[in-house]
Each structure stands twice: as structure tokens, then as C-alpha cells.
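Notes to accompany the following structure.
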Amino acid sequence: MSLRIYNTLTQKKEDFRPIRPKDVRMYVCGVTVYDRCHIGHGRAAIIFDVIYRYLKYKGHRVVYVRNITDIDDKIINKANEEKTEANVIAERYIYELHEDMRLLDVLPPTHEPRATEHVSDIIAMIQKLLDNGYAYHLNGKVFFSVSKFKPYGRLSHKRVEELLAGTRFEPDEDKREVPDFALWKPAKPGEPSWPSPWGQGRPGWHIECSAMSTRYLGDSFDIHGGGRDLVFPHHENEIAQSEAATGKTFVQYFVHNGFVTNESVKMAKSLGNIVTIREVLEQTDCETVRLLLLSHHYRSPVDFSHKTLMESSENMERFYLLLKEIGTKLRTFPGKLAKVPDERLSSEEKSSLEPLLRFPKRFEQAMDDDFNTALAIGYFYDMARVLNRILHNPGDDPSLGPSLLAFAKDCFEKQGAVLGLFQSDPEAYLGQRKEKSLEAASLKEGEITRLIEERDMARKAKNWNRADEIRDYLVSHNIVLEDGPEGTRWRIKEF
RNA sequence: GGCGGCGUAGCCAAGUGGGAAGGCGACGGUCUGCAAAACCGUUAUUCACCGGUUCAAAUCCGGUCGCCGCCUCCA
């Protein structure tokens with residue numbers, strides 16, 4: 001079974017064939033560190049994190065590079081505003097970025113290069129482009145000459161003639177043609193700068209990714225990713241720079257993720273409609289965020305709202321209530337659990353257990369089809385329903401139930417790990433939720449347990465009026481009671 | 001204006017040639033003192049609209065309408 005990936009270059013799903021069959025090399029454009037990351041950045045990070053995890057799950061060795069842009073106009077502007085140095089701003093937000101990634105359980109990439117650490121690579125590549133005749137130098141500036149690179153527009157499917165006629169490009173009297181873009185720009189006084197054959201200056205935005213991807217992954221590699229908004233001009237320009245410098249095919253597969261929207265409008269700092277990762281994680285937990293984002297196909301937009309977040313949150317809680325119950329059940333079976341006895345199952349049992357027994361296969365089929373995490377998550381729900389049925393209807397064969405539960409637990413652990421879901425200890429997860437929501441609740445835990453005890457007394461005395469009065473009072477404080485065989489449990493309805 | 005995407009139930013959402021996944025909600029049932037949770041069942045004769053290709057279309061082609069993105073920094 002082979003993986004298929006939608007390739008922006010061809011606008012089709014293609015079989016994935018890495019250049020070196022077992023090794024996959026992937027480069028993803030990270031963030032410019034001038035402010036806190038918002039949930040849109042989080043989505044991109046999570047999607048490529050899942051792609052990284054799945055490629056490893058499939059048995060590939062993966063070298064994953066995600067860069068940090070730590071020198072840029074926006075960083076310099078912010079430094080000027082705060083009357084400090086650009087590197088102070090960059091360091092601060094690199095720290096925040098790492099904190100965000102850790103909180104979202106995004107694995108660290110193999111390499112996380114920074115533009116400022118690769119200025120010599122950048123200068124070498126610019127020199128090569130000048131030598132090859134694809135770039136020109138004027139007044140301390142170096143530009144890439146778009147019309148020299150014939151395949152320009154291959155990724156974004158734009159025509160160079162139309163771009164030449166366009167007006168929406170950064171104006172610069174030293175450019176020969178409007179779509180030409182800066183490889184090197186001279187520094188203004190007081191700005192961070194590096195010496196170069198063209199004077200003191202700093203790199204243009206696009207060249208850092210060409211230089212760093214080549215440095216870590218070679219002239220040609222397999223996957224290049226980023227948000228849709230990077231298709232043009234950023235990735236188009238990277239192709240031009242890299243291929244003009246090396247003469248080789250730059251990248252096999254370009255993968256682009258869709259946006260997070262707010263009221264159906266792209267979330268962007270310039271539009272002032274962002275929600276930061278940190279703000280979201282104050283309200284909810286990492287796995288809820290991952291569940292919400294991964295319940296949509298990575299190329300489609302996701303509307304981020306309180307409602308969708310709460311829905312995911314409740315689903316996450318239900319999954320963990322199930323996992324907790326599975327854990328409890330399995331602890332009462334201390335012996336070694338046999339494998340699921342396939343041959344002992346009737347065809348009727350097989351078909352009703354199919355969502356469980358065939359889960360790993362289904363999961364892989366979904367993920368192989370262009371990382372269809374939404375479908376894969378649907379299969380988790382199907383499996384959960386079967387498990388709840390087993391737990392509440394043990395059936396005749398006493399050894400069958402536990403071996404099925406053990407099998408399911410493995411699935412939640414192993415396939416869940418690909419999505420970064422179901423990785424917490426159920427008791428700890430549910431406990432944390434309770435703690436978090438208690439902070440927002442208007443009652444203290446002691447008060448709640450005291451009321452539950454009082455209600456129990458009332459129930460034993462068959463004083464249903466008093467019992468219901470207490471329950472209604474708790475519901476009005478967002479606390480739901482569940483009377484079970486082991487007594488009364490409580491949980492927070494919504495937070 | 002150019003390029004690209006989307007329009008599937010009350011809401012969210014997967015599905016790109018031959019059975020309309022899944023979640024939320026709603027309704028009925030089992031369980032319960034009553035609930036909650038869980039389970040069972042019902043909830044799209046039809047996929048924005050119109051036309052075409054095909055034995056067969058949500059899916060392919062053409063057109064119309066609506067929404068969004070990129071074309072300037074952007075995940």
C-alpha cells in the first residue's frame with residue numbers, strides 16, 4: 001500500500017516515491033520570529049508534525065528541517081519600536097515559539113536552522129547565481145532576474161508575461177523588471193548587517209530557505225511544505241533560486257496547508273483577527289486543539305470558534321472516559337493477554353468487531369490517501385463505539401473481551417501517536433481537565449463532594465426532591481453528576 | 001483582471017465514476033427513583049443551480065450563482 005500526496009506542482013495526488021527509497025528529506029518553512037504565534041501557525045506546525053510522524057510510522061528515516069527566520073523587516077521594526085536590538089526580539093520569540101511547540105506536543109524537527117547562522121551559505125548561493133547569470137548587482141543590492149529563469153511560475157501556475165505587466169510588486173528603481181526580487185539588500189545605518197562582496201547588508205527573505213535546505217538536505221529533496229500563502233512568491237522564488245544555482249530539480253513534492261479562519265476569514269495579524277496559541281491553551285488542552293485541527297482535511301480551511309473548540313473538547317473527554325474504563329478493566333486481568341483469537345470468532349462477531357479489528361488497516365488507508373486525518377479520526381470514533389459495546393456487554397467468552405480491549409489500547413497508543421492524540425494517562429488527563437475547569441467554576445471541590453454526600457443521604461432516604469434540588473444546583477454551576485455502580489462521579493459540563 | 005480552492009443533513013465534516021463515513025444536535029428505545037454517561041434505532045431518494053458525457057455522476061466536461069484565498073508581508 002503506498003502513500004499518495006497532493007502535489008501543488010502538478011495539482012494532483014501522486015504516488016509518493018522518495019529519491020532514496022527509505023530516506024525522506026522534508027523542509028518546511030517555519031515562522032518569522034517577531035511576535036507570538038497564532039493558531040494558524042499552530043495548524044501548519046501540527047500538520048507537518050503529523051506528516052513527519054506518519055512517514056516515520058511507515059518505516060522511513062526522515063530528516064525534517066524547519067527553519068526560523070530571525071532577520072527581517074518586521075523584526076527590525078519591532079526592535080525599533082521597543083528601542084532594542086533585532087536579536088533581542090528574535091531570541092524572545094524563538095523562546096516563545098519553542099514553548100508553543102512544546103505545549104502543542106509538536107516534535108522538534110531534526111534541524112531548526114536560523115537565517116543568521118547561515119549567512120555564509122546564503123552569500124555563496126547568491127554568488128553562484130551571479131556567476132550563472134541569473135542575478136545582477138547594483139548599488140549594494142542583488143536581485144534575481146525572473147525572466148532569466150524560464151520555468152518561473154511552474155508552482156503557482158502564473159505566467160511570467162502577466163507578472164511582468166503587474167504592478168503589485170515592491171517598487172525599487174534599481175530593479176530591471178518588476179517581478180525581480182531581492183537576494184541581498186544593503187543595511188540602513190544601525191540595522192543588523194553582515195559583510196559581503198556587495199557591501200554590508202542582509203539577505204532577502206527567499207534566499208535563506210534555498211541556502212538552508214540545500215545545506216541540510218542537498219540540491220534535491222522530497223517534500224517542501226508550508227502554508228498556502230507561501231506558494232507565491234516565496235516557494236516559487238525558492239525554486240527559481242535553487243534550480244538556477246544547482247541546475248537540478250529542487251523538490252519532488254510541494255505540500256501546502258489551508259488556513260485557519262475566523263468567521264470564515266483568514267486569520268492573519270494584518271487583519272487583526274488572530275487568536276494566539278497561548279490564548280487557546282488557556283481555555284483548553286493540546287489534544288483538544290489537535291483533534292479540532294486534524295478533524296479537517298489539511299488543505300481545507302478550518303474555522304476556529306468557541307463552539308467547534310468545545311465540541312472537540314467534549315469528544316476528547318469521552319475518548320478519555322473510555323480509555324480510563326479500558327484501563328480499569330485490564331488491570332483486573334493481571335495475566336498475559338492472548339492475541340485476539342481471530343479463528344474463534346464467528347463471521348457475525350467478525351463483522352460487528354470490524355471497526356476494531358481492522359482499525360490499523362483503515363487508519364493506514366486513510367493516512368495513505370494524502371494524510372486524510374479527518375477520515376482516520378472517524379475510524380477512532382467507530383472503534384470507540386465497538387469498545388463501549390464490549391464494555392457494557394461482555395459476551396460469553398471471558399477471555400475475548402480483555403484481549404480485544406488490550407488490542408484497542410495498543411491502537412490508541414500506536415496510531416494515536418501518529419496524530420499526537422490519546423497519549424496522556426487517562427486519570428491524569430481527566431484530572432487535569434477537572435482542575436482546569438474548577439478554576440473557572442464557582443464552586444470549590446470540597447463543596448461539590450460535600451453536596452454529593454448530602455445528596456447520597458437524601459437518595460438513601462428516598463428524598464428525591466432534595467436529591468434533585470442538589471443536582472439542579474450543581475448543574476446551574478456547570479457540574480454534571482453521573483450515578484454509577486461505584487458511586488456518584490462528577491464532571492464539568494463545559495468550560 | 002489573472003491563478004487556485006470551496007459550496008454535501010439544523011450545524012461541523014469525509015468522500016473525485018457503481019454502497020452518501022464520522023462528530024454535534026434532535027427524536028424514540030434500553031439502563032436509571034428521575035437523570036447523566038453508554039448502547040440500540042431514526043434523522044440527506046440526494047450532494048448550490050442549469051445543461052452535457054456515460055450503462056452509471058456528489059465525483060468528469062461546459063455554463064450560472066454564492067463564498068474564500070493568492071497575485072504586497074503572511075502558516
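Not measured: the values here are computed from a predicted model. Scope of the values below: all heavy atoms of this structure, side chains included, with no hydrogens, waters or symmetry mates. Just so we're on the same page: letters track the sequence lines, and every chain starts at 1.
- OP1 or OP2 of B/C24 sits under 4.0 Å from a side-chain N or O of A/N315.
- Note: OH (A/Y152) to C1' (B/C3) measures 14 Å, nearest angstrom.
- A straight line from CH2 of A/W490 to C1' of B/A35 spans 19 Å, rounded to a whole angstrom.
- Residues A/A467 and A/R459 approach most closely at CB-CG, 3.6 Å, considering heavy atoms.
- For A/H297, taking side-chain heavy atoms from C-beta onward, the closest of the listed nucleotides B/G33, B/A14, B/G22 is B/A14.
- Nucleotide B/C3 has B/G69 as its partner under the Watson-Crick or G-U criteria, with both atom distances under 3.5 Å.
- Ionic pairing of A/D49 and A/R53 is present here: one or more N-O contacts between side-chain nitrogen and carboxylate oxygen are shorter than 4.0 angstrom.
- Along RNA chain B, the nucleotide closest to A/G378 and the one closest to A/R491 are compared, and the more 5′ of them pairs with A/G378.
- Taking the six-membered ring for Trp and thresholds of 30 and 60 degrees, A/F232 and A/Y152 have ring planes more than 60 degrees apart, a perpendicular arrangement.
- Residue A/K269 is out of contact with every strand shown, counting any heavy-atom pair closer than 4.0 Å.
- Comparing atom distances between the A/R455 side chain and each of B/U16, B/A75, B/C34 picks out B/C34 as nearest.
- Under the Watson-Crick or G-U wobble criterion, with both distances below 3.5 Å, B/G10 is paired with B/C24.
- Atom-to-atom, CE of A/M367 to C1' of B/A14 comes out at 14 Å; the value is rounded to the nearest Å.
- Counting non-hydrogen atoms under 4.0 angstrom, A/S156 reaches the backbone sugars and phosphates but no base.
- For A/N77 against B/C73, a side-chain-to-base donor-acceptor contact under 3.5 Å is absent.
- Across all strands shown, A/G484 has no heavy atoms under 4.0 Å from either base or sugar-phosphate atoms.
- Comparing B/C34 with B/C24, their C1' atoms sit 25 Å apart, to the nearest whole Å.
- The residue A/D468 sits close to a base: some heavy atom pair falls under 4.0 Å.
- Cation-pi check for A/R228 over A/F259 is not met; the charged atom does not lie both under 6.0 angstrom from the ring centroid and within 45 degrees of its normal.
- Among the atoms of the strands shown, base atoms are found under 4.0 Å from some heavy atom of A/V260.
- Within the nucleic acid shown, A/V480 comes within 4.0 Å of sugar-phosphate atoms alone, with no base atom in reach, counting heavy atoms only.
- Residue A/E311 places its side chain closer to B/G23 than to any other of B/A36, B/G15, B/G23.
- Remark: A/C29 SG to A/E238 CD distance equals 4.5 Å, nearest 0.5 Å.
- Put simply, CD on A/E482 is 17 Å from P on B/C34, counting in whole angstrom units.
- Between the CG atom of A/L430 and the C1' atom of B/A37 there is a distance of 13 Å, rounded to whole Å.
- Residue contacts shown for A/G226 are limited to sugar-phosphate atoms, with no base heavy atom under 4.0 Å away.
- Comparing the P positions of B/U46 and B/C3 gives a spacing of 36 Å, expressed to the nearest Å.
- As the counterpart of B/U16, no nucleotide is assigned, since no Watson-Crick or G-U wobble pattern has both distances under 3.5 Å.
- Distance CG (A/L291) to C1' (B/C12): 12 Å, rounded to an integer number of Å.
- Listed pair A/H157 / B/C3 fails the phosphate criterion, with no side-chain N or O lying under 4.0 Å from OP1 or OP2.
- Across all strands shown, A/D72 has no heavy atoms under 4.0 Å from either base or sugar-phosphate atoms.
- Nucleotides B/G25 and B/C65 place their C1' atoms 30 Å apart, quoted to the nearest Å.
- Within the shown strands, B/A38 is the pairing partner of B/U30 under the Watson-Crick or G-U definition, both distances less than 3.5 Å.
- Candidate nucleotides B/A75, B/C39, B/G33 were compared by shortest atom distance to the side chain of A/R389, and B/C39 ranks first.
- Comparing atom distances between the A/H296 side chain and each of B/A36, B/G23, B/A13 picks out B/A13 as nearest.
- Closest to the side chain of A/R471, from the set B/G33, B/C39, B/C73, is B/G33.
- Between A/S300 and the phosphate of B/C12, there is no side-chain N or O to OP1/OP2 separation shorter than 4.0 Å.
- Judged by Watson-Crick or G-U wobble contacts below 3.5 Å, the nucleotide B/A75 has no partner.
- A/Q11 comes within 4.0 angstrom of the backbone, heavy atoms only, and of no base.
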Check against side-chain hydrogen bond (donor to acceptor under 3.5 Å, both in side chains), A/E112 and A/H98: CA-CA 11 Å; A/E112 195 176 43; A/H98 287 155; 2.6 Å; yes
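- Atom name P, nucleotides B/G66 and B/U16: the rounded distance is 28 Å, in whole Å.
- Distances were taken from every side-chain heavy atom of A/K13 (C-beta onward) to each of B/A36, B/U16, B/G33; the shortest belongs to B/U16.
- Dashed line: the shortest gap from a side-chain N or O of A/R385 to OP1 or OP2 of B/G23 is under 4.0 Å.
- You'll find that the side chain of A/L230 is closest to B/A75, out of B/C71, B/A75, B/A14.
- An aromatic stacking contact between A/F259 and the base of B/G69 is absent, as defined here by ring centres under 5.5 Å apart and ring planes under 30° from parallel.
- On the P atoms, B/C27 is 24 Å away from B/A13, given to the nearest whole Å.
- Both A/S295 and A/A268 lie close to RNA chain B; mapped to their nearest nucleotides by heavy-atom distance, the more 5′-ward contact belongs to A/S295.
- With ring centers used as reference points, A/H224 lies 6.0 Å or more from A/Y253.
- Backbone-only contact: A/R228 has heavy atoms under 4.0 Å from sugar-phosphate atoms and none from a base.
- Separating the P atom of B/A37 from that of B/C71 is a span of 46 Å, rounded to the nearest Å.
- For the pair A/R318 and B/A38, the criterion of a side-chain N or O lying under 4.0 Å from OP1 or OP2 is met.
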Working for side-chain hydrogen bond (donor to acceptor under 3.5 Å, both in side chains), residues A/D285 and A/Q432: CA-CA 9 Å; A/D285 62 283; A/Q432 265 171 27; over 6 Å; no
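- Pairing for B/C60 is with B/G52, a Watson-Crick or G-U wobble pair whose two hydrogen-bonding atom distances lie under 3.5 Å.
- Distances shown here put every side-chain N or O of A/N257 at or beyond 4.0 Å from the OP1 or OP2 atom of B/A75.
- Distance A/L321 CG to B/A38 P: 8 Å, rounded to the nearest Å.
- Closest to the A/N372 side chain, of the nucleotides B/C24, B/C70, B/A14, is B/A14.
- Here, B/A14 and B/G23 have their P atoms 15 Å apart, quoted to the whole Å.
- To the nearest whole angstrom, the two C1' atoms, one in B/G15 and one in B/G7, are 15 Å apart.
- Side-chain atoms of A/K266 lie closest to B/C70 of the nucleotides B/C70, B/A36, B/G33.
- Between A/L291 and A/L421, the shortest heavy-atom distance links the atoms N-CD2, 3.8 Å.
- Using modelled atom types, one side-chain atom of A/R290 and one backbone atom of A/D105 make a donor-acceptor pair closer than 3.5 Å.
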